[in-house]
Amino acid sequence: MFSEGQKQTIEAVLANRDARVVKQTQLMDEYPRRTIVAVKLNIPGPIKNNPSIKRLFDTGVTRMLHLFANRNIPVKVVDTWDKPTGNELFLVANATPEMTKQATVCFEDKDGLGRLFDADVLDSSDQMPISRTKSGFPVRRCFICNRIAKDCARSRRHSVLELQAKVAQIAESEIN
């Protein structure tokens, strides 16, 4: 899954993060009374996109959109990115930020592929992201050891190879 694709530099990943923030700000300005959702994969290592990763992304996005529909949360896809730095999706939801955050947390925590996704929910009215903990949801857990995910990432507790193997395992069990 990680043998083909264009290796990304940290500079390219950081530039993409900056572009994402610009896009989110643009959408919050364009849709001032809506909730913005920015969806991406958490892919370890320098390869962030290839046909296998794109298939994983598309499958997860389809599942997330079904979850929104099942919860009667109308969403509009306003942009998608298919870049060497990764795939991203930008949605506008016609629901409260709290309802939208509840749905994205459900996807991230309960769907088998959701563990690999990061769905940021932004409130256009105050231009702030909705955090899990401030919304009463538990912090994300590491999909390898179940510790707090940010702690594992910060300390680099798991090697890139170990993380990639787990991503590939999840993808294989959930897609095939």
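- Here NZ of K166 is found 7.0 Å from CD1 of I144. Values are rounded to the nearest 0.5 Å.
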For K40 and N16: C-alpha separation, side-chain torsions, deciding distance, then whether side chain to side chain contact (heavy atoms under 4.5 Å, CB included) applies. CA-CA 12 Å; K40 67 181 190 63; N16 188 70; over 6 Å; no
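- Note that CG of N94 and CG of N72 are 12.0 Å apart. Values are rounded to the nearest 0.5 Å.
- Here the straight-line distance linking atom CG of L91 with atom OG1 of T100 works out to 9.5 Å at 0.5 Å rounding.
- Note on V105: it does not cluster hydrophobically with F117, by side-chain heavy-atom contacts below 4.5 Å among ILVMFWY residues.
- Residues S135 and I130 are in side-chain contact: their nearest non-hydrogen atoms beyond the backbone lie under 4.5 Å apart.
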When you look at L67 and C106, which way does the side chain to side chain contact (heavy atoms under 4.5 Å, CB included) test go after all the steps? CA-CA 9 Å; L67 185 139; C106 179; 3.9 Å; yes
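- Within the 4.5 Å cutoff, the side chain of K101 has heavy atoms near those of the R132 side chain.
- Taking CG from D58 and CD1 from I53, the interatomic distance works out to 12.0 Å, rounded to the nearest 0.5 Å.
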Pair V167-F2, side chain to side chain contact (heavy atoms under 4.5 Å, CB included): steps then yes or no: CA-CA 10 Å; V167 168; F2 298 100; 3.8 Å; yes
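- R140 places a side-chain N or O within 3.5 Å of a backbone atom of R115 that can act as its donor or acceptor partner.
- In this structure, R154 pairs ionically with D151, as a charged nitrogen and a carboxylate oxygen lie closer than 4.0 Å.
- Of all non-hydrogen atoms in Q6 and Q8, the two that sit nearest each other are O-NE2, 3.1 Å.
- Grouping the Ile, Leu, Val, Met, Phe, Trp and Tyr side chains by contacts below 4.5 angstrom, directly or via other members, places L27 apart from V21.
- Residues V13 and I47 are members of separate hydrophobic clusters, defined by side-chain heavy-atom contacts under 4.5 angstrom among Ile, Leu, Val, Met, Phe, Trp and Tyr.
- For the pair Q164 (side chain) and P44 (backbone), a donor-acceptor distance under 3.5 Å is present.
- With R157 contributing its side chain and C152 its backbone, the two residues share no donor-acceptor pair below 3.5 Å.
- Although no hydrogens or angles enter the test, the distance criterion places a donor-acceptor pair under 3.5 Å between the side chain of K48 and the main chain of I43.
- The two residues A95 and T35 have their closest heavy-atom pair at O-OG1, 2.7 Å.
- Looking only at side-chain heavy atoms (C-beta outward), V78 and Y31 come within less than 4.5 Å of each other.
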Using side chain to side chain contact (heavy atoms under 4.5 Å, CB included), reason through D82 and F57 one step at a time and then give a plain yes or no. CA-CA 10 Å; D82 182 6; F57 181 78; over 6 Å; no
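- Looking at V22 and D18, their side chains never come closer than 4.5 Å, going by heavy atoms from C-beta outward.
- I73 and V77 end up in the same hydrophobic cluster when Ile, Leu, Val, Met, Phe, Trp and Tyr side chains are linked at under 4.5 Å.
- No side-chain heavy atom of N87 sits under 4.5 Å from any side-chain heavy atom of T80.
- Atom CD1 in I170 sits 9.0 Å away from atom CG in L56 (nearest 0.5 Å).
- Ion pair R63/E174 flagged as a salt bridge, since at least one NZ, NE, NH1 or NH2 atom sits closer than 4.0 Å to an Asp/Glu carboxylate oxygen.
- The closest side-chain heavy-atom distance from R71 to Q102 is below 4.5 Å.
- Considering every non-hydrogen atom in both P97 and D123, the closest pair reads CG-CG, 3.5 Å.
- Between K23 and E88 there is no salt bridge, since none of the side-chain N atoms of the basic residue sits less than 4.0 Å from a carboxylate O of the acidic one.
- Atom CZ of residue R156 and atom CG of residue L163 lie 10.5 Å apart, to the nearest 0.5 angstrom.
- E108 places a side-chain N or O within 3.5 Å of a backbone atom of A119 that can act as its donor or acceptor partner.
- Heavy-atom neighbours of K83 NZ from other residues, nucleotides or ligands within 6.0 Å: above the threshold of 12.
- Side-chain contact between I175 and L113 is present, with heavy atoms from C-beta onward closer than 4.5 Å.
- F137 and F143 end up in different hydrophobic clusters when Ile, Leu, Val, Met, Phe, Trp and Tyr side chains are linked at under 4.5 Å.
- Inter-residue side-chain proximity for E4 and P51 is flagged as met; some heavy-atom pair is nearer than 4.5 Å.
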